[in-house]
Amino acid sequence: MNKDTYILAIESSCDETAAAVIKNGREVCSNIIFSQIELHKLYGGVVPEIASRKHIEKINQVIEEALREADKTLEEIDAIAVTYGPGLVGALLVGVAEAKAIAYATNKPLVGVHHIEGHIAANYIENLDLEPPFMCLVVSGGHTHLVKVLDYDQFEIVGRTRDDAAGEAFDKVARAIGLGYPGGPKVDALAKEGDKNAISFPRAKVDGNEYDFSFSGLKSAVLNYLNQCEMKQIEVNTADIAASFQYAVIDVLTTHAIKATKEMGMSKLAVAGGVASNSSLRESLKEACEKEGIAFYHPSPLYCTDNAAMIGVAGFYAYEKGVRHGLDLNAVPNLKIGQRVL
Ligand code: KG4
Ligand code: ZN
């Protein structure tokens with residue numbers, strides 16, 4: 001009988017300090033997340049310096065808890081996986097230094113993981129039948145990409161945002177209508193009370209690659225609408241704004257994702273990243289996929305936003321492919337998808 005493989009995974013690229021233990025690539029033995037949201041809320045966004053400081057304070061505790069919950073000791077772990085980019089450099093460095101220290105002390109292999117490849121891999125946790133190739137719509141706070149997942153470690157970007165990421169647009173619009181940080185979940189909730197057809201916000205078309213996105217014009221249109229209402233002393237209905245804005249984002253994301261999946265001859269579409277937990281986006285993609293005969297996959301909300309389980313899954317497949325990083329592994333804040341810095 002083949003021996004089971006256990007990966008200890010660490011994620012600290014932004015404002016979640018997280019650790020997880022993953023068995024054989026798809027089974028989550030533990031998934032511990034310390035969210036710093038409450039701290040950053042005060043400032044209306046993530047403060048990098050505060051994030052790094054909190055990571056260093058919490059990381060050992062989170063790892064200990066992940067091992068305890070999985071009922072594993074460090075000796076029973078086969079490899080240490082860690083996010084080494086992209087993200088906030090000071091935040092990434094905490095996880096990378098921690099993973100290197102554990103790998104050194106235990107003489108276990110170290111596997112660096114790309115954060116976005118981790119988001120994509122989150123789809124493998126609950127969809128045991130999902131295997132590459134498939135198309136993946138990656139929508140997070142920092143990224144909006146359409147990625148062809150050719151293999152567990154092979155990616156081709158077919159579309160990307162030219163300006164703001166989808167999550168960034170959610171956060172900016174939320175701030176403008178007074179919802180605070182983090183904006184995505186708040187817009188999602190408020191939109192349920194509004195009329196998505198109340199205001200007609202633009203769907204940006206970009207020159208060149210038809211699969212690319214642009215969200216800065218939409219964000220400006222919302223701000224202009226708010227200014228005009230203020231000038232004309234018209235009372236704004238924030239629920240209608242949230243619903244109409246969200247509809248504009250979802251419309252573009254769904255149209256592009258379905259078009260790319262069909263035109264590239266793929267039969268499966270997955271969605272990943274923080275914005276993938278948006279209930280209306282999931283409904284819209286599900287409905288469109290059903291219409292087109294495309295199989296649709298998505299992670300549970302817990303695995304959409306930043307977590308270490310997804311890093312453990314991606315780390316497992318990299319480990320199986322023989323990826324090993326040295327103790328000189330560094331944080332790479334602008335690491336590209338599919339790029340491996342050894
Ligand atoms: O993937 P993630 O946790 O961190 C990054 O890697 O960026 O994504 C965070 C982003 C934030 O912009 C947040 O507002 C957005 O995901 N988000 C949502 C929802 N939940 C989180 N956006 C829309 N609807 C949601 N329910
Ligand atoms: Zn993320």
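Just so you know, ligand 1 is whichever comes first in the structure, and atom 1 is the first atom listed for that ligand. Values reported hereafter were calculated over all heavy atoms of this structure, with side chains retained and with hydrogens, waters and symmetry mates removed.
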**Prompt:** Any side-chain heavy-atom pair from D306 and H119 closer than 4.5 angstrom?
**Reply:** yes
Any side-chain donor-acceptor pair under 3.5 Å between [X] and [Y]?
{"X": "S216", "Y": "D164", "answer": "no"}
{"X": "S300", "Y": "E126", "answer": "yes"}
{"X": "Y317", "Y": "R26", "answer": "yes"}

**Prompt:** Would you say the ring centroid of Y84 lies under 6.0 angstrom from that of H115?
**Reply:** no
**Request:** Can you measure from CZ (R68) to CD1 (I63) and round to the nearest 0.5 angstrom?
**Result:** 12.5 Å
**Fill in**
Rounded to the nearest 0.5 Å, the CD1 atom of I50 sits from the CD atom of Q36 at a distance of 9.0 Å
**Message:** Closer than 2.8 Å to the Zn ion (ligand 2): how many protein N, O or S atoms are there?
**Reply:** 3
**Item:** Presence of salt bridge, D151 and K321, under 4.0 angstrom
**Value:** yes
**Asked** With a distance cut-off below 6.0 Å to the six-membered ring centre and an angular limit of 45° from the axis, does K196 pair with Y247 as a cation-pi contact?
**Response** yes
Below 3.5 Å only, please: the N or O atoms of ligand 1 paired with protein N or O atoms, distance on each line.
residue  : atom   : partner : partner atom : Å
ligand 1 : 1 (O)  : H119    : NE2          : 3.0
ligand 1 : 1 (O)  : G274    : N            : 3.0
ligand 1 : 1 (O)  : D306    : OD1          : 3.3
ligand 1 : 3 (O)  : D306    : N            : 3.1
ligand 1 : 3 (O)  : D306    : OD1          : 3.3
ligand 1 : 4 (O)  : D306    : OD1          : 3.3
ligand 1 : 4 (O)  : D306    : OD2          : 3.3
ligand 1 : 6 (O)  : H115    : NE2          : 3.1
ligand 1 : 6 (O)  : D306    : OD1          : 3.4
ligand 1 : 7 (O)  : G141    : N            : 2.8
ligand 1 : 7 (O)  : G142    : N            : 3.4
ligand 1 : 8 (O)  : G141    : N            : 3.3
ligand 1 : 12 (O) : G167    : O            : 3.2
ligand 1 : 12 (O) : D171    : OD2          : 2.7
ligand 1 : 14 (O) : D171    : OD1          : 2.7
ligand 1 : 14 (O) : G184    : N            : 3.0
ligand 1 : 20 (N) : G274    : O            : 3.4
ligand 1 : 20 (N) : S277    : OG           : 3.2
ligand 1 : 24 (N) : G184    : O            : 3.4
ligand 1 : 24 (N) : N278    : ND2          : 3.0
ligand 1 : 26 (N) : D188    : OD2          : 2.9

